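This report concerns only the one structure given below.
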Amino acid sequence: MKEKFYITTAIAYTSKIPHIGNTYEWILSDAVARYKRNRGYDVYFLTGTDEHGEKIEQEAKKEGKSAQEHVDLIAKEIQDIDDKLGVSYDQFIRTTDKKHKEIVQKIFRKIYEKGDIYKGFYEGLYCVPCESFFMESQLADGMCPDCGREVVSTKEDAYFFKLSKYQKRLEDHIEANPDFIVPPSRKNEMLNNFIRPGLRDLCVSRSSFSWGIPVDFDEGHVVYVWIDALSNYITALGYDPFGESDELFTKNWPADLHIIGKDIVRFHTIYWPIILMSLDLPLPKQVYGHPWLLSDSGKMSKSKGNTLYARDLVKTFGLDRVRYSVLREMPYSEDGHFSPETLVRRSNSDLSNVLGNLLNRTLAMSHKYFGGQVKLGSPYEEIDLRLQEEVKKTLALYEKKMDSLHISEAMASVIQLAKAGNKYIDDTTPWLLAKDETKKDRLSTVLYSLIENLRIIAILLEPFIPETSEEILNQIRTQIRDYDSIYTYGSLEEDLIVGKAQPIFERLDLDEIVEKEEAAEKEKVQVKEEAAFKTKEEIDFQTWEKLDLRVAKIISVEDHPQADRLYVLKVDLGQDQRQVVSGIKENYTKEELLGKTVVLLVNLKPIKLRGVLSQGMLLAESKGKDVRLLEASLKVGSPIS
RNA sequence: GGCGGUGUAGCUUAGUUGGUUAGAGCGUUCGGUUCAUACCCGAAAGGUCGGUGGUUCGACUCCACUCGCCGCUACCA
């Protein structure tokens, strides 16, 4: 009987269309899932979407849609991206699925009945006009930091999860199972920052918004999104806390591997295990908090305008180049860097020059010398055995790296084998053998070795570049494609007629691509700017007249004593001087600011910012993180209208 | 400011219990080859392992301090 392997990705949050950095996780998980299948495991691969929460409710409102319409649309897009990336999931779960919602309600009730969830009060300081809660530390002189008015302490009903009850058990489990959280740096982070200092009871219900799964025994409360989202790993399998769970569940739980981003390790290694403990279920065997794929200019985000989308990349470069390069650029534990340039470089060097060319020259020679006929004409010689030794070494290294999730290094080991093939050609000089009729048999063995080598390489590359893997095997025309066959060197059929060489990866011109990308980028930015041109609410002239703007000169600049991103400025208004706190430290040095003539909104209500009084606001143009002060040329103190 | 992470050749990086000349790929330079997608093969140059101090017979590896980046967070009127 095959051993099972249950692997999951985090479910994608459906507030926005994910970029390549988000998408990376699915490719990574897919590579692991494919590898495990190849190794003979009965793999169940789950992915999906996380569709509840206040943020989604707001996002939908902004677009004038209902929450359901919004998530339907995004979930469809996400599934489409998965499909276009060749992600071989077995199930795509949505947290708005009826089944999921019902089971989450049962889970919540089960834990409540057990006494691990209790009803309490969410206490906070509330500013009625602002409709906001604040913590003691957020207050400005005991007043609302937003409007300066009084706040009242309020209590709101809420449910809490007794995390502390399981703290010791969790800590013991993490320590007894060093591979439970990988990489180890993440494990230490969890223990030192969260678990050992003590877990506080977690508020697991919300009543301030409604887009979520209702608590079925208390109207007005919805289940906290993380309880909702994390449960997907068992609801997808048909877990039933009260009755009989589906066979899918009994077979697959506990999960063998949760692959998630390093930012949500906390939820998966603290909250999730405790939920499972409360339900008396076994814990997942491993949680891998993978690093982030950063665009060359930093973490990808829409506001920076350097966003790359998987589908665009696939369209431009083809699926396997994208899969290959994101997986290859990603280290095991540190963030990786990605850009179209790195893709092109990687594709040319590894895929075209090393792999593609090896296939091409091998098949070309086979046809030139034997009409494509494969034969093992003479016994292996020393050099052939050395190549076989290389195969054996590669296999061991590859499996070790794949088993420990060092994907990029596993890939490197296969490319290394392709390089060994290229070297083997240079060492055996088939074109010289071909000139000597008596060495025909020797030549056939050389080519047999090369084709067998390629067959093995193709099989090893399947988890990363499935389309190309198949294409290589097709060109060789071998039917022996199972992973186990590579343990026995020489599984390749004899008397095979290989196909004609077809380039699998054309070389790409970096300059050309960059040019194209830049042109496309420009267009995109333009479109974005046009789309973004929305004005704020109209105001009447009287409102405008209320603004008192004056020309001011900066006469001193000091660092804010308690906030490293703020300056404390003194400005001269002619008849008066003012102190203004401003967050422009990232954009201006002290020297640059000193003496500048700028525009100040002088009748803005004064406020203390981290203890320092600020009497007004400097006007600036801002685009993303780029902030430039408006400079005036008039006399200090002049009003502006 | 708080918490955490990180700093190895021009670039991207490996380094799993501290042990002889710190590995690799890309890039660069030189040489070779022609079966091949002007590709491949070989060689070379390039690192005071951020800095200082300590533990040790011995430190990239452990400890302390320090500098530089990054993330979360406070704060950006």
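Bear in mind that the values here come from a model prediction, so they are computed numbers and not experimental data. Throughout, a chain's letter reflects where its sequence line sits, starting with A, and its residues are numbered from 1.
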Separation of [N] [atom2] from [X] [atom1] (nearest whole Å):
{"X": "A:Glu506", "N": "B:A38", "atom1": "CD", "atom2": "P", "value": "10 Å"}
{"X": "A:Ile425", "N": "B:A36", "atom1": "CD1", "atom2": "P", "value": "11 Å"}
{"X": "A:Tyr424", "N": "B:G42", "atom1": "OH", "atom2": "C1'", "value": "19 Å"}
{"X": "A:Lys401", "N": "B:U16", "atom1": "NZ", "atom2": "C1'", "value": "9 Å"}
{"X": "A:Leu359", "N": "B:A36", "atom1": "CG", "atom2": "C1'", "value": "11 Å"}
{"X": "A:Arg345", "N": "B:C26", "atom1": "CZ", "atom2": "P", "value": "12 Å"}
{"X": "A:Leu450", "N": "B:A36", "atom1": "CG", "atom2": "C1'", "value": "12 Å"}
{"X": "A:Asp426", "N": "B:C40", "atom1": "CG", "atom2": "P", "value": "10 Å"}

Taking the [atom1] atom of each, how far is [N] from [M], in whole Å?
{"N": "B:U12", "M": "B:G46", "atom1": "C1'", "value": "16 Å"}
{"N": "B:G31", "M": "B:U48", "atom1": "P", "value": "29 Å"}
{"N": "B:U16", "M": "B:C62", "atom1": "C1'", "value": "16 Å"}
{"N": "B:G54", "M": "B:C72", "atom1": "C1'", "value": "33 Å"}
{"N": "B:C49", "M": "B:G23", "atom1": "C1'", "value": "12 Å"}
{"N": "B:G10", "M": "B:U6", "atom1": "P", "value": "23 Å"}
{"N": "B:U55", "M": "B:C67", "atom1": "C1'", "value": "23 Å"}
{"N": "B:A9", "M": "B:G27", "atom1": "C1'", "value": "12 Å"}

Discussion item. Classify A:Thr362 by what it touches in the nucleic acid, base, sugar-phosphate, or nothing, heavy-atom distance under 4.0 Å.
Written reply: nothing
The side chain of [X] lies closest to which of these nucleotides: [options]?
{"X": "A:Glu329", "options": "B:U12, B:A36, B:U33", "answer": "B:U12"}
{"X": "A:Trp292", "options": "B:C35, B:U12, B:G71", "answer": "B:G71"}
{"X": "A:Asn357", "options": "B:A36, B:C35, B:U37", "answer": "B:A36"}
{"X": "A:His337", "options": "B:U33, B:U13, B:C26", "answer": "B:U13"}

So, does [X] get its side chain near the phosphate of [N], meaning an N or O under 4.0 Å from OP1 or OP2?
{"X": "A:Arg507", "N": "B:C39", "answer": "yes"}
{"X": "A:Lys419", "N": "B:C39", "answer": "no"}
{"X": "A:Lys262", "N": "B:G71", "answer": "no"}
{"X": "A:His367", "N": "B:C35", "answer": "no"}
{"X": "A:Asn353", "N": "B:C40", "answer": "yes"}

Salt bridge flag under 4.0 Å for residues [X] and [Y]:
{"X": "A:Arg507", "Y": "A:Asp350", "result": "no"}
{"X": "A:Asp441", "Y": "A:Lys439", "result": "no"}
{"X": "A:Lys393", "Y": "A:Glu390", "result": "yes"}

Worksheet, complete the sentence: Of all heavy-atom pairs linking A:Leu460 and A:Phe464, the shortest is O-CE1, 3.6 Å
Practice prompt. Taking all heavy atoms of A:Glu329 and all of A:Pro331, pick out the closest pair and write down the distance.
Written response: O-CD, 3.1 Å
State the pairing partner of [N]; accept Watson-Crick or G-U wobble contacts with both distances under 3.5 Å, and report none otherwise.
{"N": "B:G27", "answer": "none"}
{"N": "B:C76", "answer": "none"}
{"N": "B:C57", "answer": "B:G19"}
{"N": "B:C40", "answer": "B:G32"}
{"N": "B:G68", "answer": "B:U6"}

Discussion item. Taking atom NZ as the centre, does A:Lys553 end up with more than 12 heavy-atom neighbours from other residues, nucleotides or ligands that are less than 6.0 angstrom away?
Written reply: no
Discussion item. On RNA chain B, does the nearest nucleotide to A:Asp350 precede the nearest nucleotide to A:His406 from the 5' side, or the other way round? Give the residue.
Written reply: A:His406
Fill in: Residue met sooner reading RNA chain B from 5', once A:Leu351 and A:Ala420 are mapped to nucleotides
A:Leu351
Worksheet item: Between the base of B:A36 and the side chain of A:Asn360, is there any donor-acceptor pair under 3.5 Å?
Response: no
Discussion item. Ring centres under 6.0 Å, that's the criterion: do A:Tyr224 and A:Tyr271 meet it?
Written reply: no
